Amino acid sequence: MSKYKEFKGLNMPSIEEGVLDIWKKDKVFEQSVRNRDGREPFVFYEGPPSANGMPGIHHVISRTLKDLVCRYKTMQGYQVRRKAGWDTHGLPVELGVEKELGITKEDIGKKITVEEYNRKCREAVMRYKQQWEDITEKMGYWVDMSDPYITFDNKYIETLWWALKTLYNKDLLYKSVSIQPYSPAAGTGLSSHELNQPGTYKDVKDTTVVAMFRVRAASESEGVNAKQEEIFAAARGAWAPFVQSPIGGGMLAIEQAAQVHFMAWTTTPWTLPSNCGLTVGPNIDYVLVQTFNPYTHKPANVILARALLGKYFKPEAQESDFALYTAESKLLPWKVIGEYKGSELEGLRYEQLLSFDGNTREIAGGDPWRVITGDFVTTEDGTGIVHTAPAFGADDYRVGKKHNIGILTMVDKEGKFNDYTGEFSGRYVKDYKNDPGYKDVDVDIAVKLKLEGKAFKVEKYEHTYPHCWRTDKPVIYYPLDAWFIRTTAVKDRMIELNKTINWKPKATGEGRFGNWLENMVDWNLSRSRFWGTPLPVWVSDDGLEIKCIGSIAELTDEIKKADKALGLNQYADMKAGEFGLPDSVDLHKPYVDKIVLVSDSGKSMTREPDLIDVWFDSGAMPYAQLHYPFEAHHERTLKHNFPADFIAEGVDQTRGWFYTLHALGVMLFDNVAYKTVVSNGLVLDKNGNKMSKRLGNVVDPFSTIEQYSADASRWYLITNASPWDSLRFDIEGIKEVQRKYFGTLYNTYQFFALYANVDGFTFKERYIPIDQRPEIDRWILSVLNTLVKDVTNYMNDYEPTQAGRAMEYFLDEQLSNWYVRLCRRRFWKGEYEHDKICAYQTLYECLETLSRLMAPIAPFFADWLFQNLECVAKRHECTSVHLADYPLADADAVDKDLEERMQMAQDISSLVLSLRKKVNIRVRQPLQKILVPVLDKHMQDQVQQIEELVKNEVNVKSIEYITDDEGFIKKKLKPNFKSLGARMGARMKAVAAAINGMNGQEIAMLEKEKNIALSVDGEQVNIGIEDVEIIAEDIPGWSVANKDNLTVALDITVTPELQDEGNARELVNRIQKIRKEAGLELTDRIAVEIEEYEPLKSAIIHFNDYICAEILADNIKLIPNMNGGTEVEINEAIIKVLISKNS
RNA sequence: AGUCUCGUAGCUCAGUUGGUUAGAGCGCUACACUGAUAAUGUAGAGGUCUCCAGUUCAAAUCUGGACGGGACUACCA
C-alpha cells in the first residue's frame, strides 16, 4: 500500500528543487498549455526585459504577478501562451559596449567601425541571458523561453518597418526641427517618455546670473522710439544732481551714469552667448530703477518687473542718499524713476551681452537683440524679463521664431562651446566626461560679467533639473532634426479607448495615464545612435522626395530599381556580401546606410541616418512577435493574439511600454492593445528608500530564493501589500511567511500523513456525503467553499493580495487552529470507521483544495502538497496541480448558520478560557458548568448545536441556558445609532442617555411590546425594538465575560468529584509523559504501579477505567511505600509512578 | 512650483455607506498545553488614528488648511 510521504523538517528550497526537476522532466509547463489546445485563449504579453543587466528583486514581483494570473487562467481552462521576449536595442547596450571597449561615441567610425561596434552590441545584448533564464526558472515563472521574440531580429524589424510605413501612409510620420531634450553625454536626443523615467529630475545647485543688458542709445540704433527717449531722459534727470560729484570715487559723466540696463535672470549662464532676445510680458508692469551696480559700485539704471523689486532691493534703502553710497555700503540705494508696461518696451534694442566671432548678427540671421513679448513670462521668479536663447528652449524657439530674432547655437552636440566663442571655446558646459579637473564654465561666465559690470546678482540656486536616465548627466535643450509620430492626431481616440481598459489600480489609468494622454505631444522617434532599428526612410538629396519602405521585399525591389536607373550594382554586391538579400538580411547599420534608392523623378536617395526609439520596438511587440503581416494566416493569428487580455509591469512603464502599446494599438488597428493592465509599485528597501546600486541596498533575488525559497518570496511579495502599493521589502517578512503560512500548512499535512498512514487511509472509501458528516466537518467544508468562492472572485478582480490573505486566514485560524486542533482526537482515537473516515476525507479535501487554490501564487509548494496527497489518493487524473482545474465553489456545502454558530463556539470558548485564566484554574481541571444567557430561540438553537465542541474545548460538564424568564440576567441596551441617528438628529445624545438609563422593567416592556415611549427633555420619543441591541451584560453573583452580544458565566466551584477527575487527568498527563520519555510506541500497552497517596487515591479508584483507557494500561496497582519509579508532581503532591511495557 | 496619493500599535498592514470599547499578524511579557512537539493555544501590555479647524447628534472615515513620506507633471528664464 502506498503511503503519504512524511518529512523530517520543512526545507522549502529543497522542496522546490525537487518540484523543478519534475517540471523539467515531465515538461509540465508545455503540457499545461498543450492540454488546453482548442480552448478559449487568454492573451498575455510579456514585456521584454533587457538581458543587458542583472535581474533584481523588483523583477520578481512583476513576474510573480504575471505568472500567477497566467497560471490561474490556465487552471480555469483557458489556453495561455506566454511567449518570452528580449529587448535588445538601445542606449544601455551601447553604453555597456563603450565602457567595455573604453571608447566614446566620437570614436565610433574612427577607432572602431560601425559594423564592428554593432557586432559587439549584438554580442553584449544577451550578456545576462543565462542569469535571466536562471531566475525565471528558479522563481517559478512560466514563460516560453524556447522561442522568444528578439527585437534585433530581422523579422521583428521587418514588422516595425511595416508599422512605420503604415503610419507614414496614414500621414502620421513626419520630419521637423524642434528643440528637444538632448543628452550630450549620451550623444542623443531623448524622447518625452525617456525624460519621464523616475529619478530623471534631480535637485542641482547651479550658478545663476542676473545679467544686465545695456539698452542702446539713440545714436547707436535706428528706429529709436519715443519710449526709449523717455527712459534715457528719466535716467539723465535722476543722475543730474550728481554730475561731477565724487560718487564712485571719480568724476561722473552724465551719459555714463544715464546708461540703462534690462535685468534678466538665467540658471544656465552658458546660454548667454547664444542670446538673441529679451522677452517681456506685455501686461506686466516694469519699472526703471536708479541704483548702483553692486559689484562695480558704479551708477546704474535697471529695468525689471515691479512685482520683483523686493527680490533685489531692500525697502529700507529706498530713496536713501545716493551721495553717501560707497563700495563698503551694505545697502544699495534705489529709487523708481520710471514705469512702463511690457508692451511699451517691445522693440527696444540692446547691446549684445557677450560677443564673439561666432555669434554675430549675420550668423544669427533675423534681427536679434531686441525686446519682444511672450505670454509665458511670469513674475514668479527672476526679473520678469526672460533671457531668450532660441536654440536652448522650446519656449524661446517659438517666441524667437515669431519675432524673427534669429538663432545662435554656440554649443555643439557634445555639449561644448564651439570654436568661435572666444576664451570659452571648447569648454564643456557641464561635466559630461567625469573630468576630475572640470571647471564650471557658468562660474567663469559669471565672473566675466561681474568684471565687465554686466552682472547684477550672481548666486547659487537650487532647483530641479532633468537628467539623462542612463548617463545621469544633465540634459540640455537643443535644436534637432527629428522624425515624429503624430500621436496628437489620435489623442481623442486614445483617451476614449483608454476608458475601456481595466486599470489596476484604477487611479493610474484615470489619473497618471489619463493626464498623460491629455497633455500628449507628438512622439519623437529619432535617435542619433548606432545600435537600433533603422528608420526605413530614404530621402532624395534635395530633400524633396521621400520613400518609406515597409518590407524586405519592397526594399529589394527598390534596390533593383535603383540599380537600373542609376547604373549601380547594389543588388548583386549585396547578395554576395554580408547583406545577403533577400534571404539573410541584416537590416541594421551600417548596411542599410549604404543602400541608395532612386526617387520617382530619378534622383538618388539616401537613408535618413536616424534610428528609432526603442520604445517603438516594444510597443509594436504584439505584431512584431508574430512577424505580422508576413506569415501565412496572419489575420487569423493576430485575431487570436490581439489585443492582450492582460499585461503587467511596473508603474514606471505607464509612460513607457503601456503608452507605446496603446499608441500603436490605436494608430494601427484603432483598438486597445490590452484589456487589463496591472501596474505594480516600486520595491523599496525596509526603510522605505528606493533600491539602488549606489546605496547598496539592492536585494539579490538569487540568494533570497536560494535561502528562503521562491514560494515564500512570492507569497510575501503578493500578500504583504497590494501589488500597486510600493512595498518595503524586508527579509524578515519572508521568514514570517515561511514560518506562519508554509510552516502551518506543512504541519497540517504532516499531521494528516502521520495518522492517515497509521490507519491506511487512501481515500478508497466512497466519498461520504457532507450531510452525513459531523458538524465540525460540515463547518470546515462550508468555510472551505466560502473560501473558494472568495478567492475566485479576488483572482477574477486581479486582487491576488486579498486572495492570499483569505487563504492565510483559512489555514491559520480555521483549519489549523480550530478544525485540526479540535479534531486531533478523532484521528488517533477509536476505530477506523465512519467518524474517522469522515475526518480523513474532510481534512484531505481541505488540503487538496487549498493546494489548488494557492497553486498560482505558490506553485512549488502547492504542487508538492498536491502530489504528496494525490500520489496516494489519486482523485485527479493529473500528476501536477498545474494541470488540474481550479476548484469550483459548491454553494450547497455552504451553511451560513453553521458558520455563524461555529464563530459563537470560538467566542464562547475564548471567553471561558479567559475566565479560567482570571481565576487560575487550568483547563485540565474539569468544571461543572457555564451559563450562557440566550436572548432568543435562534440563539439557543445555535449554541446547542455546538455544545459538545465547546464543552470539550473548555472542559466543562454542561452548558446551561438562561432566559429572562428566570430574571437572572441583567440586561443592557445599546442604542442603535445608525437607525436612531437619522430619526433623532440633534436629540441623539439625550435619547442615548435615556436608553442607557432604562431599568429592567422598562427593558422587559420593550421586549414584550416591541416598542416603548421614553420621555426625553420633556418630549415623548418612541423607541422600537429595532432601535436597540440587547445585551445580557451581567449575571449577578457570577464572574462573567462578554464579547458583543455574547455573555458567558463560569461556575468555578471545584467539587470533590471534579477534583478527582482533575487529578485523574493530571495523572494521565504525567504517565503519558513517562511513556514518551521511555520511548514507547503509540500502541504499546503497559502495566502501571503507583505509590499509594491518600489525596489521590479516590481519583485513581473512581477514574480507573478512564485512566487505563487513556494510557493504554491493563491495570493500575496502588503500592504503599513504593520503591523506585519516577517521581511526578500532581497538584503540589509528589508521588512515584512506575510503568512497564506489557509484551 | 503644481497635481495625485499616503500618514492607524515598536514593525507590516486591515478598518465597509460616518455610528459610540479602532482591529489582526509579527515582536515583547506572562501563562497554558505536551499523542501536530524545533509544533500549538491563551492572556496581557502597547494608539492623541500626524496636527489644526470645520460639517454633523456622531469623524480614523467627509471638507479645508498645515506638516511629513512617496509618485507624477512641468521646467520656467
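The model shown is predicted, which means the values in this text are computed figures rather than measured ones. Per chain, numbering begins at 1; letters A, B, ... match sequence-line order.
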Review point. Taking the six-membered ring for Trp, is the centroid-to-centroid distance between A:F752 and A:F827 below 6.0 Å?
Key: no

Practice item. Identify the residue among A:I445, A:N275, A:L449 that makes a side chain to side chain contact (heavy atoms under 4.5 Å, CB included) with A:L353. Key: A:L449

Review point. Is any side-chain nitrogen or oxygen of A:T744 closer than 4.0 Å to OP1 or OP2 of B:A36?
Key: no

Check your understanding: Under 4.0 Å between a side-chain N/O of A:R739 and OP1 or OP2 of B:G27, yes or no?
Key -> yes

Study note, to complete from the structure: Of the candidates B:C26, B:A77, B:A36, the side chain of A:K740 sits closest to B:C26

Exercise for review: When you get a sec, tell me which of B:C33, B:C13, B:A36 is the closest nucleotide to the side chain of A:Y755?
Suggested key: B:A36

Check your understanding: How is A:V923 classified with respect to the nucleic acid when contacts are heavy atoms under 4.0 Å: base, sugar-phosphate, or nothing?
Key -> nothing

Check your understanding: Across all strands shown, which nucleotide pairs with B:G10 by Watson-Crick or G-U wobble geometry, both distances under 3.5 Å?
Key -> B:C26

**Study point:** Residue of the set A:N868, A:L754, A:N757 for which side chain to side chain contact (heavy atoms under 4.5 Å, CB included) holds with A:Y4
**Key:** A:N757

Check your understanding: Side chains of A:W715 and A:E808: donor-acceptor distance under 3.5 Å anywhere?
Key -> yes

Exercise for review: If B:G54 has a Watson-Crick or G-U wobble mate with both distances under 3.5 Å, name it; if not, just say none.
Suggested key: B:C62

Exercise for review: Ignoring the backbone of A:N720, work out which of B:A36, B:U12, B:G35 is nearest its side chain.
Suggested key: B:U12

Point to revise | B:U5 versus B:G25 - spacing of their C1' atoms, nearest Å | key: 26 Å

Exercise for review: Select one nucleotide: of B:A36, B:U42, B:G25, the one nearest the side-chain heavy atoms of A:N817.
Suggested key: B:U42

Practice item. Would you indicate which nucleotide in B:A77, B:C13, B:A39 comes nearest to any side-chain atom of A:N747? Key: B:A39

Review point. Hey, does the side chain of A:R821 come within less than 4.0 Å of B:G41's phosphate (OP1/OP2), counting only N and O?
Key: no

Check your understanding: Which nucleotide in the list B:A43, B:G25, B:G41 gets nearest to the side chain of A:S910?
Key -> B:A43

**Study point:** Identity of whatever pairs with B:C72 - Watson-Crick or G-U, under 3.5 angstrom
**Key:** B:G2

